[in-house]
Amino acid sequence: MTIMNKYIKPFFVLLISGLVLFSSCTDGFLETNTNVETTKDVEPERFLYNVQVSTKSSSWEWYYDYYAAQMRWMQYGVRIIGNTRTTYTIFNSNIGEQRYRLCWLNTGSYARHLEYYVNKNMPDKAAQYSNVIEAARVTLIYQGIITSDFHGSLAYTEGWGFRSGSNIEEPKFETQKELYDIWDAELKAAIAKFKSNKDQISFANYDLAFRGDVSKWIKTANALRLRIANRLMKRDLAKAKAIATEVLASPDAELPTSYTDSFVFWLEMKYSDNGDYQAVEDLIRASNGMMNYLNKYNDPRRRMFFRINNLTPEYVAEYNAENPNNKIPAELIGQRWLGGTANYDLVTTSDYEKIKFDRKTLDPSNRAINMQAVNRPQTRLFSGSYDGGNGGTWFPNITQADFSFMAAEFVLEGVASSKTAEQWYTAGVEGSLRLWNYAGNYCEIHDYKAMTDDEISTFMNQPDIKWNPAKGKEQIYVQTYIEDFKNSNEGWALWKRTGYPSTSSSILALEECTVDNVKQTPPRRYRFAIPLEGTPNYANQKEKLETMMADPDFGDPASEFGRIWWNKK
């Protein structure tokens, strides 16, 4: 567990300085992208830290991509304020754009410059920085996969020209097919280097994920190879299975087998930049679909995801005495875990409004009581210092549970493995529970209560949770969806690939959503605009879009309901 211990004080100081650096990441981007002298005389390891922070550097990305879009599209939460009629559209041009502009470009800028900087300024020590360079590359590939889910083709090989020492000002774009080939090859090469490198510079104090533990980076590179294979399942199953076969043939020491192997960024205290006011508190509440599942199976992750409400008999009696014209209905008394509807045509303002009352009898020192029935999220999962907290903040990227569920699905597809699909699935469920239990404690969520071994065992041995070959894939998909509560991009990718979470699942059924009685479906990608002649990199931008449009599933460029390459019908 030492890799997950809260970081030492000097590292925390480094973290704070880094957040200041990223507080206005768009203002100086052109300068840092074209003028390599702006980063002269810094420790190369510092670039790895910047790479990792860049992947999650924007509160605006979280506001638009996660809270307002993907978490609602996938019914991880239901809407409270703003944009209610347009939940199932890309209602704002910042959705997807912030990830590309503020995260992808900055992550690549630092990752590419790291290698160039080392080779230029300290060629005699370049070999000693190989592990640092490869950890940055692996992180950039992770960011590329999720950015491409929105944007399709990306400028990768020729991207960040000046920052990588070339003079390429107008980079070409690679298709998703090309990107997956490049990334898979680079991940294989990174694994080989991690395994063979000797006499390496330590980067323990600059690594938010593993404190410089290279064995964990090998596991992460293999996990990302399996994620690429997972993305390819709809487009090229044979190739996906070939990659999965290679990955699952690796020894256990090179694969994520414990929740402590999860690729997660662990940050001290508050993660914030540029006015992040914890919009998750304002934008989502528990959904009916999620809460019905959590209640039905008494899933211990329920209290890690959401805060119990205050509808106790005592509080309700006191509230109703003070509000005789707006009483809480008797049937809600004692109902401590409740979801809200995701269907616009059914929702009313009172479902989600912040109902409070002033306590006048029981405890005068704590008068404000939230009496909203629908459960609020555990906001400290998103910022450990929220509501006066002192906990850390975490960002799950690809967890041991994610890997295990993907492995289980590939075994069902006939890929050879030393473990059965049941063994992979069971390891994934337990790993998810233990990681969320750890994260709840790390973030010091409200009313944290540790999961016990008995509680975990009881949950895992229930029907629909314990492996059932007749429901194997559905169980894998449901548990993948639950695991990715704070990584909704993967829940979204799961739905695009499999149709799960679905409205017809026997284990976890989401609501069918309508607006004015018209059925709504979530978007599948970014909206694209035809480039105007004379704009920067016009020829390559035009070629990129024309190539994507050649796919019959791509549809109208301006429609978010078309499909990127891997998401074929």
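- Note on ring orientation: taking the six-membered ring where Trp is involved, the planes of Y259 and Y438 are tilted (angle from 30° to 60°).
- With 3.5 Å as the limit, one finds a donor-acceptor pair spanning the side chains of N489 and R99.
- A donor-acceptor contact under 3.5 angstrom links the side chains of Q70 and S488, judged on distance only.
- Using a cut-off of 4.0 Å between Lys/Arg side-chain N and Asp/Glu carboxylate O, R231 and E490 are scored as salt-bridged.
- With no hydrogens or angles considered, no side-chain donor-acceptor pair links E512 and T503 at under 3.5 Å.
- Interatomic distance, K544 NZ to K172 NZ, rounded to the nearest 0.5 Å: 15.5 Å.
- Evaluation of the ring-ring contact (aromatic ring centres under 6.0 Å, His included) test over residues 544-569, restricted to residues two or more places apart or in two chains, returns F528-F554.
- Between the side chains of T480 and D402, no donor-acceptor pair is found at a separation under 3.5 Å.
- Put simply, the side chain of R527 never gets that close to the backbone of E560: no donor and acceptor are under 3.5 Å apart.
- Between Y477 and Y500, the two ring planes are tilted [angle within 30° to 60°].
- Between Y425 and W467, the ring planes are tilted. Angles from 30° to 60° get that label.
- Looking only at atom types and distance, the side chain of E474 has a donor-acceptor partner in the side chain of S505 under 3.5 Å away.
- With sequence neighbours left out, W495 forms a ring-ring contact (aromatic ring centres under 6.0 Å, His included) with no residue at all.
- Side-chain atoms of Q176 and S148 include a donor-acceptor pair closer than 3.5 Å.
- Between F150 and the choices Y526, W492, Y64, the ring-ring contact (aromatic ring centres under 6.0 Å, His included) rule is met once, by W492.
- Both the sub-6.0 Å distance and the 45° axial angle are not jointly satisfied by K241 relative to the ring of F410.
- Looking only at atom types and distance, the side chain of E409 has no donor-acceptor partner in the side chain of W424 under 3.5 Å away.
- With K188 as reference, E246 is the one residue of E254, E246, E134 to meet the salt bridge (charged side-chain N to carboxylate O under 4.0 Å, His left out) rule.
- A donor-acceptor contact under 3.5 angstrom links the side chains of E483 and T399, judged on distance only.
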